[in-house]
Amino acid sequence: MSSISQQKLLDIISFTSKLLRKNFGRGPESCQAFVNHQYLVFYIRGFLSPMESVLLENGNADNIDISRGIVMQSVLAQLKGALELQFEQDVRDFYHDWNYPNNTGTIIVVFERELTALDPNIEQFPESTALKEEVSRISFLVEKVPEQVEAYRISPKLYLVKRVGILVPIEKALIAKGFQNTLVATKDDLEKALLPQGRTIRRDLQPVCS
C-alpha cells in the first residue's frame, strides 16, 4: 500500500477549510492534515468567531460546544462523501473536539482500512507505554481505568490515543436519558484540567457518524 501524496493532502486540506468557511462564515487560520494507519487527522488553529470569543469571555464555552456540534454535523456529512471518493473506501467514524482557550481543534477520520502501509510496530514507539499509562491514570481520576488503550503516532508531534470501555453505569444512564452533551462537556473540562496546558482531544462517548 503506497503512502498518501502530499498533493492529495493539500487538496483535502483546501476542501475542508472551504467547508468550514461555508458553514461557519469563516475559515481557520491554519489547517494541517496527517495520515497514519487508518486515521486521517486534521489539526486546526484560529477558528473562533467574534461571537464565540464573546461567549468564551463570559464563561459560556458549553454553548459554543453545542452550537458548533450542530453545524459540524453538516460539515462532516459533506466531508464524508468527498473523502470516500478520494480514498475509494468507506469512512467508519468521525470525531471532533475543540480547545477554545488555545483556539485549536481537531477532526479525526477513521477509515475502514489502512491508508498507508501498516507498520507492525506502530504502537511500539518509545513513548507508547508511558503515554498509555498516563492516559489510564487520568481516566481513573475522572471515571475509571479503560478496558483497553491503544496509542498511535500520527506525526512526530501528534499522537492518537483510543480508549475502550471507560463509561461507568451512571454515565451510561445519563446518555440513555439524553444528557450526553452535558456529560461530554463536563468530562472534557475535568480531563483537560488534568493535562499540561489542557492538550486533550476527545470524543469517546459516541462517534459523529458511523
Side-chain angles (χ1 to χ4, degrees), residues 1-24 27-28 30-44 47 65-98 104-125 128 132 135 146-155 158-167 172 175-176 180-181 183-184 188 200-210:
M1 185 177 299
S2 60
S3 61
I4 305 301
S5 71
Q6 186 63 28
Q7 186 56 53
K8 178 175 282 192
L9 280 182
L10 290 174
D11 291 343
I12 291 169
I13 289 170
S14 175
F15 179 78
T16 303
S17 296
K18 290 176 181 176
L19 266 183
L20 293 171
R21 184 177 297 108
K22 173 186 174 183
N23 286 271
F24 284 95
S30 68
C31 179
Q32 299 172 281
F34 305 91
V35 173
N36 209 342
H37 191 37
Q38 65 190 110
Y39 303 104
L40 169 63
V41 181
F42 295 95
Y43 185 69
I44 298 166
F47 192 51
D65 219 25
I66 292 171
S67 61
R68 187 173 283 194
I70 293 171
V71 179
M72 283 300 297
Q73 293 284 349
S74 176
V75 171
L76 297 178
Q78 297 172 72
L79 184 59
K80 182 176 186 289
L83 292 177
E84 290 181 339
L85 184 64
Q86 276 275 13
F87 292 102
E88 299 181 342
Q89 63 163 299
D90 292 338
V91 170
R92 181 191 299 173
D93 295 317
F94 274 113
Y95 300 86
H96 68 94
D97 197 21
W98 310 92
T104 59
T106 194
I107 299 172
I108 300 172
V109 188
V110 186
F111 286 87
E112 289 289 349
R113 304 186 306 275
E114 283 76 24
L115 296 170
T116 57
L118 181 58
D119 179 356
N121 298 315
I122 194 168
E123 293 188 72
Q124 304 305 316
F125 51 89
S128 175
K132 289 189 283 188
V135 168
E147 296 171 7
Q148 181 181 348
V149 179
E150 301 173 11
Y152 303 93
R153 182 162 56 188
I154 305 300
S155 77
L158 181 63
Y159 299 83
L160 187 151
V161 180
K162 176 181 178 181
R163 298 181 295 177
V164 177
I166 65 168
L167 294 179
K172 294 178 182 179
I175 292 171
Q180 176 172 320
N181 289 336
L183 179 61
V184 169
D188 271 356
T200 179
I201 300 295
R202 63 180 302 275
R203 274 293 181 273
D204 47 15
L205 296 180
Q206 180 175 321
V208 175
C209 74
S210 59

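Counting from 1, the numbers follow the sequence of the chain as shown.
- Atom CD in Glu84 sits 9.0 Å away from atom CD in Glu112 (nearest 0.5 Å).
- Residues Leu76 and Lys80 are not in side-chain contact: their nearest non-hydrogen atoms beyond the backbone lie 4.5 Å or more apart.
- Atom-to-atom distance recorded for Phe15:CZ and Leu20:CG is 10.0 Å, nearest 0.5 angstrom.
- Side-chain contact between Val109 and Tyr39: absent, with no pair of heavy atoms (C-beta onward) separated by less than 4.5 Å.
- Taking 4.5 Å as the limit, some side-chain heavy atom of Met72 sits within range of a side-chain heavy atom of Ile107.
- From Ser17, atom OG reaches atom CD1 of Ile12 across 11.5 Å, with rounding to the nearest 0.5 Å.
- Residues passing the side chain to side chain donor-acceptor pair (under 3.5 Å) test with Gln86: none are found, sequence neighbours excluded.
- Residues Ala33 and Leu40 come closest through the heavy atom pair CB-CD1, 4.2 Å.
- The two atoms that bring Gln38 and Phe111 nearest to each other are NE2-O, 2.6 Å, heavy atoms only.
- Residues Asn36 and Ser155 have side chains not in contact (no heavy-atom distance under 4.5 Å, counting atoms from C-beta outward).
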Quick one: do Arg113 and Phe87 satisfy side-chain contact (heavy atoms from CB on, under 4.5 Å)? Show the steps, please. CA-CA 10 Å; Arg113 304 186 306 275; Phe87 292 102; over 6 Å; no
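- Judged as a side chain to side chain donor-acceptor pair (under 3.5 Å), and not counting sequence neighbours, the contacts of Gln148 are Glu150.
- Across all non-hydrogen atoms, the minimal contact from Phe47 to Gly27 is CD1-C, 3.9 Å.
- Crowding of Lys8 atom NZ: a count of heavy atoms from other residues, nucleotides or ligands under 6.0 Å exceeding 12.
- Panel note: side chain Thr106, backbone Phe42; a donor-acceptor pair is recorded below 3.5 Å.
- Taking CG of Leu158 as the reference point, atom CD of Gln32 lies at 9.0 Å (rounded to 0.5 Å).
- A distance-only check finds no donor-acceptor pair linking the side chain of Glu147 to the backbone of Ile166 [under 3.5 Å].
- Residues Phe34 and Leu9 are not in side-chain contact: their nearest non-hydrogen atoms beyond the backbone lie 4.5 Å or more apart.
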What do the steps show when you test His96 against Arg68 for side-chain contact (heavy atoms from CB on, under 4.5 Å), and what is the final call? CA-CA 10 Å; His96 68 94; Arg68 187 173 283 194; 5.6 Å; no
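- Applying the salt bridge (charged side-chain N to carboxylate O under 4.0 Å, His left out) rule to Glu88 yields no partners; only residues at least two apart in sequence or on another chain are considered.
- When Val91, Asp90, Thr16 are each tested for a side chain to side chain contact (heavy atoms under 4.5 Å, CB included) with Leu83, only one passes: Val91.
- At least one side-chain heavy atom of Thr104 sits less than 4.5 Å from a side-chain heavy atom of Tyr43.
- Across every non-hydrogen atom of Cys31 and Ile44, the tightest pair is SG-CG1, 4.1 Å.
- Aromatic ring centroids of Phe125 and Tyr152 lie 6.0 Å or more apart.
- Taking all atoms of both residues into account, the shortest heavy-atom contact from Asn23 to Ser74 is OD1-OG, 3.4 Å.
- For the pair Ile175 and Leu167, the minimum side-chain heavy-atom distance is below 4.5 Å.
- Remark: Lys162 fails to qualify as a cation-pi partner of Tyr95 under the 6.0 Å distance and 45° angle criteria applied to the six-membered ring.
- Of all the heavy atoms in Val149 and Lys132, the pair that sits closest is O-CD, 3.4 Å.
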